[in-house]
Amino acid sequence: MIWVVWQSATVAGIFAGATAPPELNLDFAIPLTFMALIFPAITNRPKAAAALASGMAAIITYTLPYNLGLVIASAIGIATGFFLSERTS
């Protein structure tokens, strides 16, 4: 049932997105989607620190070429979460 709802919503989004006027400016939808996925997953301090470190690194490295900022921010978040989870275990 979830698969059917997911596919139906995807098809509806394709058609509704194609008819949305450019003045609507839906650029905020992608960050909101990621926030909706990430926020419930932050359940302890190592995960919160990893999310914070990764977010800060993404902002700082945003101007790097070839989207290297995303790779660096991911690595920093992973390393932060790993080291803090090992330290608290």
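All figures in this text were calculated on a predicted structure; none of them were measured in a lab. Positions are given from 1 along the sequence.
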Side-chain donor-acceptor pairs under 3.5 Å in residues 38-51, sequence neighbours left out?
unit_1, atom_1, unit_2, atom_2, d
T43, OG1, K47, NZ, 3.4
N44, OD1, K47, N, 3.0

Is V71 reachable from Y66 through a run of I, L, V, M, F, W or Y residues, each pair having side-chain heavy atoms under 4.5 Å apart? no
Can you see which heavy atom on A57 is nearest to which on I76, and at what distance? CB-CD1, 3.7 Å
Give, for atom OG1 of T80 and atom CG of L52, the distance between the pair rounded to the nearest 0.5 Å. 9.0 Å
In Å, rounded to the nearest 0.5 Å, how long is the span from CG of L37 to CG of L32? 11.0 Å
So, does S54 use its side chain to make a donor-acceptor pair with the main chain of G77 at under 3.5 Å? no
Please say which of V5, V11, V4 ends up in a side chain to side chain contact (heavy atoms under 4.5 Å, CB included) with S8. V4
Quick one: OH on Y62 to CG on L68, what's the gap to the nearest 0.5 Å? 14.0 Å
How about L84 and R87: do any of their side-chain heavy atoms sit closer than 4.5 Å? yes
Do you know the tightest heavy-atom contact between A73 and A58? CB-N, 3.5 Å
